[in-house]
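Single-structure report; data block below.
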Number of protein chains: 2
Amino acid sequence: MKKRVTIQDLAKELNTTPSTVSRALRDLPGISEAMKEAVRELAKKYDYQPNAIASGLRSGKSNTLGVIVPRVNRDFFSSVISGIEDVVFEAGYNVIICQTHDRLEKEQQYINTLLNGRVDGILVSLGLETREHCHFEKVVEAGISLIFFDRVCEEMDVTKIMIDDFDGSFKAVSHLVKMGYNRIAHFGGPDFLNVYRNRKDGYIRALEKSNLKIDERIIIQNDLTVEAGKRDAERLMKMDNPPDAIFSASDYSALGALLYLKEKTYEIPDQIGVVGFSNEKFTSLIDPGLTSVDQHSDELGKYCAELFLEEVNRGAGNFVPRKIILNPKLLIRRSSQRKVKI
Amino acid sequence: MKKRVTIQDLAKELNTTPSTVSRALRDLPGISEAMKEAVRELAKKYDYQPNAIASGLRSGKSNTLGVIVPRVNRDFFSSVISGIEDVVFEAGYNVIICQTHDRLEKEQQYINTLLNGRVDGILVSLGLETREHCHFEKVVEAGISLIFFDRVCEEMDVTKIMIDDFDGSFKAVSHLVKMGYNRIAHFGGPDFLNVYRNRKDGYIRALEKSNLKIDERIIIQNDLTVEAGKRDAERLMKMDNPPDAIFSASDYSALGALLYLKEKTYEIPDQIGVVGFSNEKFTSLIDPGLTSVDQHSDELGKYCAELFLEEVNRGAGNFVPRKIILNPKLLIRRSSQRKVKI
DNA sequence: TCAATTTACACAAACGTTTGTATTTGTTGG
DNA sequence: CCAACAAATACAAACGTTTGTGTAAATTGA
């Protein structure tokens, strides 16, 4: 086990001091070019690697960014993460990824761990259980930059970046209407999360605009899993007056519905249309292809990262929190393209 | 911006010293129960949070584990990561996830970053480009525990954990043979990676055992993407003597093949069978369902994590590197279940 | 030529812990 | 009652950087 060479070792060999070596390595002013060159050369010779921990302790900066998401195995989130990583890694930051599995407790735990680890910033997309936000207040109090994306905490005065869920829903439902569906059900998530409330509102607005009746009995709130989708599709289809289309706020419950409907040999899209949300990879692979709303996840991640970098570079005080809303895009696939309009 | 309370603040208020407080908090012997209680109480009162950076600097332990994978948006990897996280988080470790996107350069970069960040261990699954391993030697030299999973570096004398790719392939191909297919093509990856070499060997062995001819022309090496699958399926089907089944070392290229075949209206599985590898989520969603080999990804992640914990607890010297091989499981879906045996 | 300024470096403290050792206090046995 | 010992705590150094300040030498300007 090789002992790692430190700044002090370099200084000793050059008959100088750690401070000079440190400044030389970072190319700070006040050091002669000759000395800088000598330091760089020796550092290279010994393959000197700075101790990020020591540096972090002294400077108060860890060059690490924490990212908290419900789960990494959602294409949406893993794609956002890729976007974030691409940008911040270039700027010399590490990324710590934390999965809450939609559990509030995990979220709180991770916030603590990240604060203890002295990350320079935290990017969060809320879990399904999160209705309070005192754990996030701690982040702000600690002077650490906090940015929400997608599922945001609206009460907090920090930067948020999301997509226009209302608009995405509105487009999706308007498309269904245009295809001739006129009794459109909705699967939504908890109302306290911006994304699900807005998706529902967009759905309602689109119906209103088309003078279609809003029927609370076919607006269903569930946990947006495949299983919930199956279960609630069954419930809907067994009603006296079943819907002729389902617009789900999640691709997963849309998939559940689709699987149920296929099993029961409903004709999709002719008999019943299905539309999801998020443009998960599988939506283009299944049969029929599932119409969905793309959230520009990669772009969103990059944007998040850039905002974070700007915020840390400007210092907490000199940065005005902002809200950024990206326009989503409806991707029409076969599950909603009725050939025969009734 | 609230100043964080330190061990020294607590010591001052209790008229004692930092060392006593530190030991009290960690419940070390040599401190009276009364003092421990007082310290704990005050720590709670001020919501004292230990500075992990300072602790890491002094103790030489960062309580962080680095995980390097080709990409997080593969179900296999994201599931392994979940397994790892579940286990090590309980033990007080953080996880830093790094994506190489199968690029050697990224892999080397991340190794450096993790070493600088003084992680306590690194778990790696190799990228497709990795043929050398001096960047991993550095990890061992630094005395940091290194564990490979799935795509391992065979030359290195460290713990490796993988699935029995040979066996998985053998099972898959034997199944195809049993279903009556007798000209089975193979999509594989680079031979220098254990997983692809073994999958190919298993394929060959299964053919040999069934006295089927090995035809090099229908053993194809590509980059295992969907596109490659499409392209090479086309190539195969345009041969004079096309195969009646394709066994792919990756679900993605199997999917590509399947999409091409469906587009050309080949009957799957009757005219041609398709089998993939990894049991990606989409395999059960597409139509027809894609037969695939499950790698127990979650279990594998947990196992990795447990081995890491054992290794750090025992200290680098007192741990015998080992090789662990999990048995994979063939999941038979419709894409290979011929109703009519020819 | 000499004070004023600049340049290049050295010195030392600090970041918040952990840990080995010294010291104080209290307890025990002969 | 005092040496011997154990228990509880204090002291101080250390981890490897960064950074504010001090200081000598080199440079400048009149």
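Reminder, nothing fancy here: chain letters follow the sequence lines and each chain counts from 1.
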Taking the six-membered ring for Trp, are A:Phe89 and B:Tyr110 ring centroids under 6.0 Å apart?
yes
Taking N or O atoms only and anything under 3.5 Å, show me the protein contacts with nucleotides 9-13 of chain C, one pair per line.
{"from": "C:dC9", "atom 1": "OP1", "to": "A:Ser32", "atom 2": "OG", "distance (Å)": "3.2"}
{"from": "C:dC9", "atom 1": "OP2", "to": "A:Ser32", "atom 2": "N", "distance (Å)": "2.8"}
{"from": "C:dC9", "atom 1": "OP2", "to": "A:Ser32", "atom 2": "OG", "distance (Å)": "2.9"}
{"from": "C:dA10", "atom 1": "OP1", "to": "A:Asn15", "atom 2": "O", "distance (Å)": "3.2"}
{"from": "C:dA10", "atom 1": "OP1", "to": "A:Thr16", "atom 2": "OG1", "distance (Å)": "3.4"}
{"from": "C:dA10", "atom 1": "OP2", "to": "A:Thr16", "atom 2": "OG1", "distance (Å)": "2.1"}
{"from": "C:dA10", "atom 1": "OP2", "to": "A:Thr17", "atom 2": "N", "distance (Å)": "3.2"}
{"from": "C:dA10", "atom 1": "OP2", "to": "A:Thr17", "atom 2": "OG1", "distance (Å)": "3.4"}
{"from": "C:dA10", "atom 1": "OP2", "to": "A:Thr20", "atom 2": "OG1", "distance (Å)": "3.0"}
{"from": "C:dA10", "atom 1": "N6", "to": "A:Arg23", "atom 2": "NH2", "distance (Å)": "3.1"}
{"from": "C:dC11", "atom 1": "N4", "to": "A:Ser19", "atom 2": "OG", "distance (Å)": "2.7"}

Length of the line joining A:Leu28:CG and D:dT19:C1', which is rounded to integer Å
10 Å
Assign each of B:Pro29 and A:Arg26 the nucleotide of DNA chain D bearing its closest heavy atom; nearer the 5' end lies the nucleotide of B:Pro29
Base, sugar-phosphate or nothing for A:Thr6? Non-hydrogen atoms, less than 4.0 Å.
sugar-phosphate
By the 4.0 Å heavy-atom rule, please label B:Ile7 as base, sugar-phosphate, or nothing.
sugar-phosphate
Give a yes or no on whether the backbone of A:Lys12 and the side-chain of A:Thr16 come within a donor-acceptor separation of less than 3.5 Å.
no
Expressed as a whole number of angstroms, how long is the span from B:Asn116:CG to D:dC15:P?
19 Å
B:Asn112 side chain to B:Lys138 side chain, donor-acceptor N/O pair below 3.5 angstrom:
yes
So do B:Asp150 and B:Val195 actually touch side chain to side chain, heavy atoms under 4.5 Å?
yes
May I have the distance from B:Arg118 (atom CZ) to D:dG16 (atom P), rounded to whole angstrom?
8 Å
A:Val152 backbone acceptor or donor facing A:Asn194 side chain under 3.5 Å
yes
So do A:Phe149 and A:Lys160 actually touch side chain to side chain, heavy atoms under 4.5 Å?
no
Might you work through the salt bridge (charged side-chain N to carboxylate O under 4.0 Å, His left out) test for A:Asp157 and A:Lys323, ending with a clear yes or no?
CA-CA 10 Å; A:Asp157 184 28; A:Lys323 197 184 295 176; over 6 Å; no
B:Lys61 NZ to C:dT19 C1', in whole Å, measures 16 Å
Could you state the CZ-P distance from B:Arg4 to C:dC15, rounded to the nearest angstrom?
15 Å
Under 6.0 Å between ring centres, would you say that holds for B:Phe136 and B:Phe148?
yes
Which of residues 40-56 of chain B sit near DNA chain D, with a heavy atom under 4.0 Å from it?
none
Using only side-chain N and O atoms of B:Ser59, determine if any of them is under 4.0 Å from OP1 or OP2 of C:dT18.
no
A:Thr17-A:Thr20 side chain donor-acceptor pair, cut-off 3.5 Å:
yes
Separation of D:dT19 atom P from A:Leu57 atom CG, nearest Å, is 12 Å
Would you kindly give the CG-to-P distance between B:Asn63 and C:dT17, to the nearest whole Å?
14 Å
Whole Å only: how far is the CG atom of B:Leu115 from the P atom of D:dG16?
15 Å
